[in-house]
Each structure stands twice: as structure tokens, then as C-alpha cells.
Amino acid sequence: MQTIVTDALIIGGGLAGLRTAIGVKRRGFTPLILSLVPPKRSHSAAAQGGMQASLGNSAKGWGDNEDVHFADTIRGSDWGADQVVARMFVHTAPKAVRELAAWGVPWNRVQKGDHKSVINGEEVTITERDESHGLITARNFGGTAKWRTNYVADGTGHSMLYTMSNQAIAEGIEVHERMEAIALLHDNGRCQGAIVRNLITGELMVYLAKVTCIATGGFGRIYRVSTNAVINQGIGTAIALETGIAKLGNMEAVQFHPTGIFPAGILVTEGCRGDGGLLLDAKEHRFMPDYEPEKRELASRDVVSRWMETHIRNGHGVQSRFGEHLWLDIRLLGKKHINSKLREVKEICQYFLGIDPTESLIPVRPAQHYSMGGIRTDYRGESPTLKGLFAAGEAACWDMHGFNRLGGNSVAETVVAGMIVGEFMADSLTTEATLAISSTAIDSQVNEVRDELASFQRSENNENAWQIIEAMQSVMTDKVGIFRHGEQLAEAVTELQSLYERAGRIKVSDTSRGVNPELCAAYRAKKMLKLSLCVASGALAREESRGAHCREDFPLRNDKDWLKRTLTSWSPEAASPAIDYEPLDVMSMELPPGWRGYGGKERIDHPDTPTRQAEVDGVQAGDADRFAKQQQLMPFTGCLPEPFRGRNARLSEELDA
């Protein structure tokens, strides 16, 4: 069996993994990336609408800064986020977008003068300042007070990923493609690499590393209808869980994007609504102002998705042979705008629906889109319980999104987290990380993997992996979806538990040693079911509604009893996950819990909220500048790697020392 040794093993070749590897390499260490697919085919390429960063260059973004971005992010999270991490993120995001510009991302730019735009269904004129001409511009996205979503037409992720991959090539970073990590190696409470299966030859390999980072994206494919790529099955998250040491955070927090094309579920960007598109019902009535008169189509994704499903429940859906849906209307944006800034949306509609969105309405319905939950890490991106294991991007619960993510914050997180986690991994390599795993531990863990793969050949086995996965996806979609209820969640847990037991009897008929999709489905099925059980069990236990987690039998956000992060673990001998909680400290929050500015106002307040709010109000009433006030409320700059601590320059704000 081949053994490969490296300083840093990065599992995942998308934006987060690539930027992490670049950070490690620039500090003088040797990273190695494992990827299921060539990096330029990673799911990061699917990001369409843009990347949030408070540059404040455009007229509608003028006056934006880290404080505004921070407040939007915390409100979007429904106060489930780690506020220190959110501060680290909004502070570093402008640096990230400018770094990408320097590397070659062709961001759309401000053009001075008057320009026509569509806002709230009406054509308006926006005048851009002469001094902003040529700077990076931004579009509107949901849940934000300013236009801060920097974009490259509607191919932002594609441009970012190709640029980042090219930069990794220029750095000489080694990438091993068609490789799947199927178990983590660990000894004495420290991660030391991974056991990897070559998807072409079927060979098992050992990758030893002083530090390991999982950056494998989300787990959307545990649902039947998802905007995620078929490779987003959550295997990276699952192998962390299977160590029995690393924990997952907030797994019940699953986001549904309002505009998946119906019935395929393929994403059409929030940029459609940000640029002025409208949501219509069967009578072509614009219904969102009826529910959200202030934010309308641009409330946060969890809120818009729930109102869409509510409107369908109330009998206003469009009937079709595939079921009910609603309409997205971007015709009012005009052909020139669609052909230049929403080109990919037009092509998706043409290829998958056979329609031209410049002339026809787009059938849409919410689809699973993003996982706020993932491998629980500290602010450094490292697991608090399994040292040497880091995570970045959607695979991580870092936790800047809490229970709902704002559009544009995810593709920004991939790069920002990559920058920050790469530095902290290099710090660990400098100070403490060692390669100290015994050959006995390696042999034992490799044999466990071999035994599991061999178990699928037992003669008494009779279960089909594909059928089990399909049944799991149906349970998750039907009973752990946008609206949740205790009775259905209990049924889901029971049914998923039964499927997990059946997965132990999967039969693999194909004995091919090399490319073997049936074998892949077999070992992935058990891992996906573990994640599904974590999601369903966490949703059943959390008796409140917060962000994207909506319990119809517990409709209020309950800060008094549930202002805490879910922690899920799975010991090797257990048949189900164990759930614990990590309380969030209101008295340390810069922005205490309140109303989000959209969605329901009713909630059960935390007893510490009035006290903390009074302290915050007192600080804000002082004469100090915003930077001093912020540091007084919640210091965070010391948590950042030193290269990223400097302030961000803006036209609207003079840069001091």
C-alpha cells in the first residue's frame, strides 16, 4: 500500500481548499490537495450571483462598511452566529475581493454617469460618481442594507475558481485528482492524515500529514431536490464525524434557496431578484409585498422560501404535471441586461426548460441549497476536540452563518476562511504540529476500512445502495424540509434509523477493483445516512424556530431556552448520534438579539438581552469613532492572523492609522 507524506493535507479542491493551500505554501510549507474532480470542476464554479464585501464603491453601496455588513450577517443568522468569527469575516472580505482582482478576477466595474436600473418593479436612474469610475461595483442581494455583492456577470464562482486554480498552479501546489478520502487517520487525539481511495484504480492509499483540512463543501445530496452538484454528498463532513472525536455543529440548519428552477432544482441566482426580478403567482400577482412590505423579494432566503411555500399552500401555486410552482419574472430587466449580466441564467433556462427568460416567466420553487452546519471549529478553523483537524468553507461550522446564510456570504467565506485557516495551519506547523502516529494505529484503521469495503461482498447481503439513498432523500425532503413538525421529524428519525440498519446489509455485485460506482454508492450511503440522522435528530430536539429551522409546532424563536449551538457526535460503537449544546453568551455580543428587520417580530427574549442592549447603547452614545466603539464592545482583531489586521480603505471613509 502506497504511503504519501506531506506537511498539510487539504481534502477538497474548490475555492476554500485552494486558498487554504496557497496560504500554507506561501508560509514555506508543503500542501497537497485531494480532489474528487479536477479543481476547475469543483462545485464552487456554480456560484452565480456574487461575493459580499463592503467596498462601498457604487452609489447604492456608498457608506457601506464592516459595521453594516456585520449587522446584516448577524441578523441574517437569526443570532445563531459566532459574532467574533463574523467580525473576522467582514473585516477580511474586502481584502479577499481585492486580492482576487489582483490575481485576475474580472469583477464588474463602476461606470460613471447615469444608469437605468430596476428597483421594486420600477425603472429608476442611478448616478455613479466620477471618482468611483473603474472601481469594483456591486449588486443588491437579500437581507442587506447596502448593495455589496461584487460580481462577474452571473458567473462569479466560475471566474473565481478558475483564477484561484491558476494561482495554485503558479504556486506549484500538487493536486491529486479522482481521490476520495474515506476515513481520517488519528492517534492520541490528533488527526494525522487520511485513508484515501483512488477512484480510478480502486487502490487504498495512506496520506500522512501534520495538519489536515476538510474543505469538501456541503451535503445537499441527502435531499431529493438540491441545487448542489452530485458530488456534494457530505463525505468529508461524515469522515470527521466517524472519528468519534470531532463534532459537528448546527446540523439542523439547512438552507433552501427560493429560486431553484422547477422541477429540476437547478439554481438561478439571487442576482435575478437583486437586479430587480419579481416573484409572481398563478395569477401573475406579485405576492411578496403582501408578506414582507419592506424587503419584499429581498428578505433573507429563509424568509422568502417560507413565504413562497406558504403562498402555494394557500392555493396560489401554478399547476403543472410535475406539481405546483411559482414564477420568477426577469423580463422587466430587458434583453440587454439579461444577455450581459444574467447570461448563465438565460442558458440554464434554454437548456433545461426550453424557454427564453427575456420573453417567458421562469418556473421556480425553493430547493435545498446550503448547509450552515458542518465540522465544528474554533475561530482558527481547527476542531476543538480533534487537534490537527481544520475545516474551511461549507464543510465547516466556523460559525459565521448561524441558522441562516445571506446570499453572497458563502462564496466570500470560502476565500476568507481559506486565507485565515491557511495562516493558522501554517502557525500550527511552525509551533506544535508533528507527525507522530504509530504504525499499529495506521494498520488498525486501514484494516477497518478494508473490512468495511469487503463486507459489501457478503453472500447474505440483499440491500441495494441506490434504493436506500433514494429512500433517504425522500424522507429528508418530505419530513425534514422547509417546514418541520415534531411528529414528522420523529417519523423521519425512525425511518432513517431503519435505513441505516439496512445499509449494513448492502450487496455490491460489481467486483471490479477499479472504477466501481456501485461500491462508491455502498460506502457513501452509510455516511450520508449518518449525516441525515444528525440533521433530523437535531431538528427534532430543537423546539423553536430560528433562521432556516422552522418548527410549525414551536413557531417562535426562543432565545431564553435555545440560544445555543447544537453539537453532534457519533461514537464508533453507537447506532445513532449524540447531541449536546454550546450556549451563546449574550453578554459578550456586540449586537444583542432583536428583530431581524424582516420575518416575524414575536420571540421569547433571553433574560440578559435588555442588560446587554443597555451596555451597547451606552457605548454607541459615546464620542469615540466607530472603530474604538467596536473594540470596546467586542475585541476581535487579536483573533486575526497579523497580515489581515489592517483597516480597509474606502472612498467614503478616510483611512486613519
TODO: Could you please spell out the steps behind the side-chain contact (heavy atoms from CB on, under 4.5 Å) verdict for Leu100 and Met51?
DONE: CA-CA 11 Å; Leu100 288 167; Met51 167 182 173; 4.0 Å; yes
TODO: To the nearest 0.5 Å, tell me how far Cys639 SG sits from Arg380 CZ.
DONE: 11.0 Å
Open item on the list: Quick check: do Asp427 and Phe424 have side-chain heavy atoms less than 4.5 Å from each other?
Closed with: yes
Open item on the list: Does any part of the side chain of Asp399, heavy atoms only, come nearer than 4.5 Å to the side chain of Val85, both counted from C-beta?
Closed with: no
- [ ] Output, in order, the C-alpha distance, side-chain angles, deciding distance and verdict of side-chain contact (heavy atoms from CB on, under 4.5 Å) for Asp67 and Arg87.
- [x] CA-CA 8 Å; Asp67 294 351; Arg87 264 292 172 187; 2.8 Å; yes
Task: Nearest-0.5 Å distance that lies between atom CG in Asn409 and atom OG1 in Thr73 - done: 4.0 Å
Task: Cation-pi geometry met for Lys564 and Trp562 (6.0 Å, 45°) - done: yes
Task: Nearest non-hydrogen partners of Ser44 and Leu161, listed with the distance - done: CB-CD1, 4.1 Å
TODO: Examine the side chains of Gln255 and Asn404 and answer whether a donor and an acceptor come within less than 3.5 Å of each other.
DONE: yes
Task: Check ion pair Arg645-Glu642 (N to O, under 4.0 angstrom) - done: no
- [ ] Answer yes or no: is there an ion pair linking Asp7 with Arg27, defined by an N-O contact shorter than 4.0 Å?
- [x] no
TODO: Measure across Val68 and Ala145 and return the closest heavy-atom pair with its distance rounded to 0.1 Å.
DONE: CG1-CB, 3.9 Å
TODO: For His43 and Glu394, test the side chains for any donor-to-acceptor distance below 3.5 angstrom and give the result as yes or no.
DONE: no
- [ ] Kindly give the heavy-atom pair with the smallest separation between Cys534 and Leu241, and that separation in Å.
- [x] SG-CD2, 3.7 Å
Open item on the list: Can you tell whether the side chains of Arg376 and Glu582 come within less than 4.0 Å, N to carboxylate O?
Closed with: yes
Open item on the list: Whether the side chain of Lys629 engages the backbone of Gln620 through a donor-acceptor N/O pair (distance < 3.5 Å, no angle test) should be reported.
Closed with: yes
- [ ] Any chance you could lay out the side-chain hydrogen bond (donor to acceptor under 3.5 Å, both in side chains) test for Glu344 and His158, step after step, and finish with the verdict?
- [x] CA-CA 11 Å; Glu344 188 171 313; His158 179 100; over 6 Å; no
Open item on the list: If I compare all heavy atoms of Leu563 with all of Trp79, which pair ends up nearest, and what's the gap?
Closed with: CD1-O, 3.4 Å
Open item on the list: Please evaluate residues Met179 and Leu199 with respect to the criterion side-chain contact (heavy atoms from CB on, under 4.5 Å), reporting the C-alpha separation (whole Å), side-chain torsions for both, the decisive distance (0.1 Å), and the verdict.
Closed with: CA-CA 6 Å; Met179 296 288 188; Leu199 294 175; over 6 Å; no
Open item on the list: Looking at Thr6 and Thr30, would you say the former's side chain and the latter's main chain have a donor-acceptor pair under 3.5 Å?
Closed with: yes
Open item on the list: Please identify which of these residues, Ile420, Asp378, Ile375, meets the side-chain contact (heavy atoms from CB on, under 4.5 Å) condition with Trp398.
Closed with: Ile420
- [ ] Determine, stepwise, if the pair Ile214 / Leu184 fulfils side-chain contact (heavy atoms from CB on, under 4.5 Å).
- [x] CA-CA 10 Å; Ile214 294 180; Leu184 290 177; 4.0 Å; yes
Task: Side-chain donor or acceptor of Ser77 paired with backbone N/O of Ile74 under 3.5 Å - done: yes
TODO: Kindly say whether Ala240 contributes a backbone atom to a donor-acceptor pair with the side chain of Thr243 at under 3.5 angstrom?
DONE: yes
TODO: Mark yes or no for whether Arg139, through its side chain, and Ala153, through its backbone, hold a donor-acceptor pair below 3.5 Å.
DONE: yes
Task: Salt bridge present between Glu653 and Arg626 (N-O < 4.0 angstrom) - done: yes
TODO: Classify the side-chain pair Lys40/Asn166 by whether it contains a donor and acceptor separated by less than 3.5 Å.
DONE: yes
Open item on the list: Tell me if a side-chain donor or acceptor on Asp187 pairs with a main-chain N or O of Gln192 at a distance below 3.5 Å.
Closed with: no
Task: Whether Thr377 side chain and Ser383 backbone form a donor-acceptor pair below 3.5 Å - done: no
Open item on the list: Taking the side chain as everything from C-beta on, heavy atoms only, tell me whether Lys210 gets closer than 4.5 Å to Phe29.
Closed with: no
Task: Student check: side-chain heavy atoms of Ile235 and Thr216 closer than 4.5 Å - done: no
- [ ] Verify the distance criterion only: is there a donor paired with an acceptor across the side chains of Asp302 and His549 at less than 3.5 Å?
- [x] no
- [ ] Would you kindly say whether Ser226 and Asn232 are connected by a side-chain donor-acceptor distance under 3.5 Å?
- [x] no
- [ ] Please examine the side chains of Phe636 and Gln630, heavy atoms only from C-beta on, and report whether any two atoms are closer than 4.5 Å.
- [x] yes
Task: Over all atoms of both residues, closest heavy-atom pair of Val449 and Ala183 - done: CG2-CB, 3.7 Å
Task: Glu252/Arg542 salt bridge by N-O under 4.0 Å criterion - done: yes
TODO: Taking only Lys NZ, Arg NE, NH1 and NH2, and the carboxylate oxygens of Asp or Glu, determine whether Arg148 and Asp72 approach each other closer than 4.0 Å.
DONE: yes
Open item on the list: Please find the pair of heavy atoms, one from Ala101 and one from Ile136, that lie closest to each other, and give the distance.
Closed with: CB-CD1, 4.1 Å
- [ ] Have a look at Glu66 and tell me which of His91, Arg650, Arg647 forms a side chain to side chain donor-acceptor pair (under 3.5 Å) with it.
- [x] Arg650
Task: Heavy-atom side-chain proximity of Asn250 to Met372 below 4.5 angstrom - done: no
Task: Electrostatic pair Lys387-Glu432, nearest N-O below 4.0 angstrom - done: no
Task: Heavy-atom side-chain contact between Leu18 and Ser165 under 4.5 Å - done: yes
TODO: Please check if the side chain of Arg301 supplies one atom and the backbone of Arg405 the other of a donor-acceptor pair under 3.5 Å.
DONE: no
Task: Short N-O contact, Glu177 and Arg41, less than 4.0 angstrom - done: no
Open item on the list: I'd like to know if the side chain of Thr227 reaches the main chain of Leu267, judged simply by a donor and an acceptor atom lying under 3.5 Å from each other, with no hydrogens or angles considered.
Closed with: no
Open item on the list: Between Glu174 and His176, do the side chains contain a donor N or O and an acceptor N or O under 3.5 Å apart?
Closed with: yes
Open item on the list: Determine whether a donor-acceptor pair (N or O, by modelled atom type, separation under 3.5 Å) exists between the side chain of Asn150 and the backbone of Thr137.
Closed with: yes
